[in-house]
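Reminder, nothing fancy here: chain letters follow the sequence lines and each chain counts from 1.
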Amino acid sequence: MNDLKACIVQRDRTVLLECGHPGFEAAREKLNRFAELIKSPATFHTYRITPLSLWNAAALGYTSNEIADDLSSIAKWGVPAGLQQEIGELVSRYGKLKLQRYGDNGEALVLESTDRMILDEVLAVPAVASLQWTRLSPLEAKLHAAARGRLKQELMRHGYPVLDLAGYHEGQSLRLEWNSGIEGQEFALRSYQEDAVEAFEGVTGSGGSGVLVLPCGAGKTVIGLAALERQQCECLILTSNTTSVEQWIQELTNKTTLKSSEVGQYTGQKKEVKPVTVATYQILTHRRSKNDEFEHMKLFNERNWGLIIYDEVHLLPAPVFRATADIQATRRLGLTATLVREDGCEQDVFSLIGPKRYEMAWKELEADGWIAKVDCCEIRIPMDSDLREKYIYAEGKEKFRLAAENPAKTRIVMDLLNKHQSAGILVIGQYLDQLQAIAEAIGAPLISGKMPQQQRTALYASFKRGETPVLVVSKVANFAVDLPDASVAIEISGSFGSRQEEAQRLGRLLRPKSGDNQAYFYTLVSESSKEEEFAVRRQMFLIEQGYEYTIHSVKEARSGT
DNA sequence: AAACACGGAA
DNA sequence: TCAAATCCGTGTTT
């Protein structure tokens, strides 16, 4: 019995998961439903059950009983009594406050509670009390519909997520269908894409608001198109960069019956507002000068949008949250590979875009063959005595850079290139000097932000054909949507523990491979240095997704593999 | 018009 | 914590 229990569950809502344990996989899967990974050293992973992780679970339909059962099925020494209770209390908060429409004109809302004490308590919170309330009964209070977003945000901050049942306005209708493929080859959604869209639409099929979490390469754009096809309404699509804007437009016009005259681009170059409009986040947040207004936020109200799609929700900038608070009656679909934000605004995603409606673990897609298998390996490389000495006397931030630019890495890259004779190898790094040096040493072209777009495109194409087997790339790789997929990635340096960046880089390898469908991801780190710490942080998200990094230490500064 | 260069922003 | 990249607007050149 006990040999399947891989966890120690602690009173402070942290859970320690033993890595080598036979019950590891099963426990990880369960923990992912309602806990967040916060530390992942080699022997024990630490998870924390946070209010937000519980509410996201609750929104997916998990009950506190199911969570309690899951926990006790993995807890070696049982679940502390107080904790069981606390979880029950937290989970039950989701749904204790409900927001409903009041009257028929949509101008007012009513906040309802099953518990008078809770309603009294939240109405006493200053930021909530300052809204204009009319107490209708001990269990109901009325307010103006315009405050919907603000209210949800404030209540969430106070620890009470609201179940928003106030509904949506329909928006201008727009007819569109899937384009029928060649010779009756109907375009078909993959089964999980179908599931994701249905999760967004909800049981009533009336659509709603919320976030779908899917790995890179899972076809998030197609899911967005599907949501639009179901809703049949005018739609605003917000995304992170112009290449992505172009991609959306291409998919919209290729895969659906929408004509190019119905699809507009709203960016720095072109400001079209069409029945379907695709814009960058950046244009929305652009200001003439620092204290000016956001002049392009008016895009939210320029047409009667029935649906707003937020691509890459983890990058959504703060001012866009503020604008989103004002349009809570519009259906909202968030798409992302990770709910984790480096700025900690996960709560605002929950209250203003919506709760998580669907999540597919990366490993699950891998098992079904939709994405490649990836072997992740961290290689620890010693610093030679000169470098070590410099390192010891350096300041905090210099330390990181010295370790990251460890010249011994060049040798290891060469060894790895020898090992993988195949084409499709990316060397990815953070510092231009370092990348330059390595590019010269291995005789491969370096692509950085300085390189004109045309040259980049030419190199990407040559890489795709296999004529250029190895590319050295800087941070351009983080944004380049047109960079072809690779089968081996060697990360020689990375930014200060950005989990997203690591995920993005791994994402480059995920397109299914012919043959054994296997890809390789190496990350090179200087041994016993700050770089090691940050590598651990970077890897966390992927570990949560079920990837394991094997650690390989290099003995001498120059050694074979 | 389109291509390019620059500075500010986040 | 940094460095490097993007995007936007503006102004200049072809």
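Here the side chain of A/Leu432 is nearest to one of C/dT6, C/dA4, C/dC8, namely C/dA4. Closest to the side chain of A/Asn241, from the set C/dT6, C/dA5, C/dG9, is C/dT6. Nearest nucleotide to the side chain of A/Thr242, out of C/dT6, C/dA3, C/dC7: C/dC7.
Using a cut-off of 4.0 Å between Lys/Arg side-chain N and Asp/Glu carboxylate O, A/Glu293 and A/Arg287 are scored as not salt-bridged. Salt-bridge check for A/Arg505 with A/Glu502: failed, with every basic side-chain N at 4.0 Å or more from each acidic carboxylate O.
Residue-to-nucleotide proximity on DNA chain C shows that, of A/Ser495 and A/Lys271, the 5′-proximal contact is made by A/Ser495. Between A/Phe400 and A/Arg456, the residue whose closest nucleotide on DNA chain C is further toward the 5' end is A/Phe400.
In this structure, the CG atom of A/Leu284 is 15 Å from the C1' atom of C/dT6, given to the nearest Å. In this structure, the OH atom of A/Tyr266 is 11 Å from the P atom of C/dC8, given to the nearest Å. Atom CG in A/Asn478 sits about 14 Å away from atom C1' in C/dC2, given to the nearest Å. Protein atom CD of A/Gln500 is 18 Å distant from nucleotide atom P of C/dA5, rounded to whole Å. We find that CG of A/Leu446 is positioned 12 Å from C1' of C/dA4, with the value rounded to whole Å. A/Gln453 has its CD atom 10 Å from the C1' atom of C/dT6, to the nearest Å. Regarding A/Glu295, its CD atom lies at a distance of 13 Å from the C1' atom of C/dT10, rounded to whole Å. Regarding A/Gln269, its CD atom lies at a distance of 14 Å from the C1' atom of B/dA1, rounded to whole Å.
Under the rule for a ring-ring contact (aromatic ring centres under 6.0 Å, His included), A/His158 has no partner lying at least two apart in sequence or in another chain. Among residues two or more places apart in sequence or in another chain, the ring-ring contact (aromatic ring centres under 6.0 Å, His included) test is passed with A/Phe463 by none. Residues passing the side-chain contact (heavy atoms from CB on, under 4.5 Å) test with A/Glu467, sequence neighbours excluded: A/Ser462, A/Arg465. Applying the ring-ring contact (aromatic ring centres under 6.0 Å, His included) test to A/His314 and every residue at least two apart in sequence or in another chain returns nothing.
In terms of phosphate contacts, A/Ser448 brings no side-chain nitrogen or oxygen within less than 4.0 Å of OP1 or OP2 of C/dA4.
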Contact letters for nucleotides 4-10 of chain B, in which S counts primed atoms plus P, OP1 and OP2 and B counts the base, heavy atoms under 4.0 Å: ------S
Donor-acceptor pairs under 3.5 angstrom involving side-chain atoms of residues 268-277 of chain A: please list them, not counting sequence neighbours.
{"residue": "A/Lys271", "atom": "NZ", "partner": "A/Thr267", "partner atom": "O", "Å": "2.9"}
{"residue": "A/Lys271", "atom": "NZ", "partner": "A/Gly268", "partner atom": "O", "Å": "3.2"}
{"residue": "A/Glu272", "atom": "OE1", "partner": "A/Gln265", "partner atom": "N", "Å": "2.8"}
{"residue": "A/Thr277", "atom": "OG1", "partner": "A/Lys274", "partner atom": "N", "Å": "2.9"}
{"residue": "A/Thr277", "atom": "OG1", "partner": "A/Lys274", "partner atom": "O", "Å": "2.7"}

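Both the sub-6.0 Å distance and the 45° axial angle are not jointly satisfied by A/Lys530 relative to the ring of A/Phe400.
Base engagement by A/Phe496 is indicated by at least one non-hydrogen atom pair under 4.0 Å involving a base atom. Residue contacts for A/Gly396: at a heavy-atom cut-off of 4.0 Å it reaches no nucleic acid atom on any strand shown. Within 4.0 Å of A/Arg537, counting heavy atoms only, lies no atom of the nucleic acid at all. Within 4.0 Å (heavy atoms only), A/Thr267 reaches sugar-phosphate atoms of the nucleic acid but no base atom.
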